[in-house]
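What follows is one structure encoded as C-alpha cells, with my remarks underneath.
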Amino acid sequence: MSFVADRLSAVLPSATIAVSQKARDLAATGRDIISLGAGEPDFDTPAHVIEAAKQALDDGMTRYTAVNGIPELQDAIIAKFKRDNDLDYSHDEIHVSCGGKPVIFNAMMATVNPGDEIIIPAPYWVSYPDIPAFFGGKAVIVDCPASSGFKMTPEQLEAAITPKTKWLFICSPSNPTGAGYTRDDLKGLAEVLLRHEHVWVFSDDIYEHLVYDDFEFATIAQVEPKLKSRTCTMNGMSKAYCMTGWRVGFAGGPVELIKAMTKVQSQSISHTAAVSQAASVAALNGPQDFIAANNEVFKERRDLVVSMLNQATGLDCPTPEGAFYVYPSCAGLIDKKTPAGKTIENDEDFVTYILEEEGVAAVHGAAFGLSPHFRISYATATDLLEDACQRIQRACAALT
Ligand code: PMP
Ligand code: GLU
C-alpha cells in the first residue's frame with residue numbers, strides 16, 4: 001500500500017511547470033537553453049505597484065486579513081468588473097485567492113462530487129482536467145481542432161451535455177492556442193446553456209487584456225446576463241499586470257458558490273499575502289496604460305514567431321487573437337528521422353528533439369489534449385525568440 005493517497009493517482013503533475021523546471025535544471029548545468037515553456041510575462045511588475053507594496057509594508061500591512069481580502073481590494077475588484085466587463089458584483093459575490101489556479105481549485109473542491117462531469121474544450125490549459133480529478137470529477141474533453149479556430153461550436157457543446165454535467169470551462173483568449181471567442185461565439189454557446197439550467201460556467205478570463213489587432217474581449221456573463229447566476233467569472237493579476245509571483249487571483253460569482261469557496265479557503269490557505277493584496281489594489285486602481293504598451297511588444301513578437309515558424313519545414317502556425325502563446329501543428333514532421341536516427345512519432349518526441357538538439361524548451365500538445373501540436377510562449381525577450389525560432393527552423397530542416 002502506498003503512503004500517498006489514492007486520489008493522487010487520478011492526477012498528473014502540471015506539464016507546463018515540469019517543462020519550465022526541466023529548462024531551469026538544464027540551464028543550471030551550463031547548457032544554453034531558451035525556455036519558451038512557461039506562460040509568464042518577461043516584463044517586470046510596474047514600478048508604481050512595487051512602490052505601493054513597499055509603502056504597505058512600511059505602514060504595517062503584515063497581518064492576517066479576511067479570507068476574501070481587504071475591503072480596498074474587494075472594492076478594486078468590484079470596480080474592475082464594472083469598468084472592464086459591465087458586470088455588477090457585491091462584496092459577498094467576490095472571492096480572492098493566491099492566483100487563478102487556487103480559485104479554480106477552490107471552486108472545484110466546493111462543488112464537484114465523484115462522477116460529476118466537467119466539459120473541457122481541447123486544447124485546454126493543463127490544469128483544467130486535473131483539478132476536478134482530485135475530487136472524482138470526470139473531464140469530458142471536446143476536440144476543437146485548428147480547422148474550427150480551436151473553438152467549441154454550440155453543436156459540440158449540446159452533444160457533450162449530460163444530466164451529470166456540472167461545469168463548462170471556457171478560456172478566452174485561450175491557453176494554449178491564443179484563440180479568442182467573439183461575442184457572437186459566446187452568444188451561440190449561451191443559447192445552448194440556457195436550455196440546460198443545471199450546467200454552470202467557469203469563465204477563465206485571465207488573458208482578458210492580452211488581445212491584438214481589433215479583437216474585442218467579451219465574457220459570457222456579460223454577453224448573456226441570464227447566465228450570471230450560474231457563472232464563475234475568474235481573473236487575476238498574473239498576466240496583464242505582470243505579477244505572477246505575487247499570487248493574486250479572484251472571481252465574481254453567485255453568493256452560494258462564493259460562500260462555499262470561502263469555506264474551503266478558510267480551512268486551507270486562509271488568504272493571499274497582505275502585501276500582495278495592497279499591490280493588487282494599486283495595480284487595479286492605478287494607471288492601465290502600460291498594458292497597451294506591453295501589448296505592442298507582444299503583438300510584434302507574435303507576428304515574428306508566427307512568420308518564422310511558418311517558414312520552418314513541416315510546421316503550420318495559425319495567428320492567434322490573444323494571450324502570449326502560439327500552438328503550431330507539427331503534423332508535417334511525424335515519422336521523420338532525426339540526425340541521430342530516432343523517429344519523431346509524436347509531438348512529445350518533437351519537443352524532446354528540439355530541447356536536446358537546439359536547447360529550445362516548449363510544451364508538447366498532448367499535455368493540452370490536442371496533438372500533434374506544441375505550445376510556444378512568446379512572453380520572452382524578442383532577440384531570444386528570434387534565436388529560438390532560428391534554432392527550430394534548423395532542427396526541422398535537419399529531419400529527413
Ligand atoms: N488560467 C490559465 C488559462 C492560465 O494560463 C493560468 C496561468 N498558469 C492560470 C489560470 C493561473 O494563473 P495564476 O495562478 O498565476 O493566476
Ligand atoms: N499559465 C502558465 C502556463 O501555462 C504558468 C504555469 C502554470 O501555472 O501552469 O505555462
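Excluded from the calculations below are hydrogen atoms, water molecules and symmetry mates; all remaining heavy atoms, backbone and side chain alike, are included. First listed ligand is number 1; within each ligand, the first listed atom is number 1.
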Steps toward salt bridge (Lys or Arg N to Asp or Glu O under 4.0 Å) verdict (R394, E357): CA-CA 10 Å; R394 197 161 57 215; E357 282 300 306; over 6 Å; no

As a quick check of understanding, evaluate side-chain contact (heavy atoms from CB on, under 4.5 Å) for V201 and I170, giving each step before the final call. CA-CA 7 Å; V201 188; I170 299 177; 3.8 Å; yes

Evaluate L309 against I376 for side-chain contact (heavy atoms from CB on, under 4.5 Å), listing each step before the verdict. CA-CA 10 Å; L309 293 180; I376 278 185; 4.0 Å; yes

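The single protein non-hydrogen atom nearest to atom 14 (O) of ligand 1 is R247 NH2, 2.8 Å, given as residue, atom name and distance. With respect to atom 16 (O) of ligand 1, the closest heavy atom belonging to the protein is G100 N, 2.6 Å. Remark: minimum distance from atom 8 (N) of ligand 1 to any protein heavy atom is reached at W125 CZ2, 3.2 Å. For atom 7 (C) of ligand 1, the closest non-hydrogen atom of the protein is K239 NZ, 2.7 Å. In this structure, atom 2 (C) of ligand 1 lies nearest to the protein heavy atom D204 OD2, 3.3 Å. Closest protein heavy atom to atom 12 (O) of ligand 1: I206 CD1, 3.8 Å.
Judged by the 6.0 Å and 45° rule, K228 forms a cation-pi pair with Y89.
Residue K138 qualifies as open at atom NZ: its count of foreign heavy atoms under 6.0 Å is 12 or below. Remark: E256 CD is loosely packed, at most 12 non-hydrogen atoms of other residues, nucleotides or ligands lying under 6.0 Å away.
R391 pairs by the salt bridge (Lys or Arg N to Asp or Glu O under 4.0 Å) definition with D32, D387, not counting sequence neighbours.
In the hydrophobic clustering of this structure, V199 does not group with F202; members are Ile, Leu, Val, Met, Phe, Trp, Tyr whose side-chain heavy atoms approach within less than 4.5 Å, directly or through other members. Both L315 and V305 belong to a single network of hydrophobic side chains, linked directly or stepwise wherever heavy atoms of I, L, V, M, F, W or Y lie under 4.5 Å apart.
Here F374 and H364 keep their ring centres 6.0 angstrom or further from each other.
In this structure, E321 CD and Y181 OH are separated by 11.0 Å, a value rounded to the nearest 0.5 Å.
Ligand-side atoms of ligand 1 in range of Y128: 3 (C), range being under 4.0 angstrom from any heavy atom. The ligand atoms of ligand 1 that sit less than 4.0 angstrom from a heavy atom of G99 are 14 (O), 16 (O). For ligand 1, the atoms sitting less than 4.0 Å from at least one non-hydrogen atom of N175 are 3 (C), 4 (C), 5 (O), numbered in the order shown with element in parentheses. Atoms of ligand 1 found under 4.0 Å from any heavy atom of C171 (numbered from 1 in listed order, with element): 3 (C).
Note: an N/O pair closer than 3.5 Å links S238 and ligand 1 by distance alone. Between K101 and ligand 1, a contact under 3.5 Å exists for at least one N or O pair.
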Please tabulate, line by line, the atom pairs linking an N/O of ligand 2 to a protein N/O at a distance below 3.5 Å, with the distance in Å to 0.1, or answer 'none'.
{"from": "ligand 2", "atom 1": "1 (N)", "to": "K239", "atom 2": "NZ", "distance (Å)": "3.0"}
{"from": "ligand 2", "atom 1": "4 (O)", "to": "W125", "atom 2": "NE1", "distance (Å)": "3.1"}
{"from": "ligand 2", "atom 1": "4 (O)", "to": "N175", "atom 2": "ND2", "distance (Å)": "3.0"}
{"from": "ligand 2", "atom 1": "4 (O)", "to": "R375", "atom 2": "NH1", "distance (Å)": "2.9"}
{"from": "ligand 2", "atom 1": "8 (O)", "to": "K101", "atom 2": "NZ", "distance (Å)": "3.1"}
{"from": "ligand 2", "atom 1": "9 (O)", "to": "T16", "atom 2": "OG1", "distance (Å)": "2.6"}
{"from": "ligand 2", "atom 1": "9 (O)", "to": "W125", "atom 2": "NE1", "distance (Å)": "3.3"}
{"from": "ligand 2", "atom 1": "10 (O)", "to": "G39", "atom 2": "N", "distance (Å)": "2.9"}
{"from": "ligand 2", "atom 1": "10 (O)", "to": "R375", "atom 2": "NH2", "distance (Å)": "2.8"}

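Using a 4.5 Å cut-off on side-chain heavy atoms (C-beta onward), I119 and F169 make no contact. With contacts defined as side-chain heavy-atom distances shorter than 4.5 Å, the pair K101/I131 qualifies.
Checking F105, Y124, Y207 against atom 4 (C) of ligand 1, the nearest heavy atom belongs to Y207.
With a 4.0 Å cut-off on non-hydrogen atoms, M237 does not touch ligand 1 at all.
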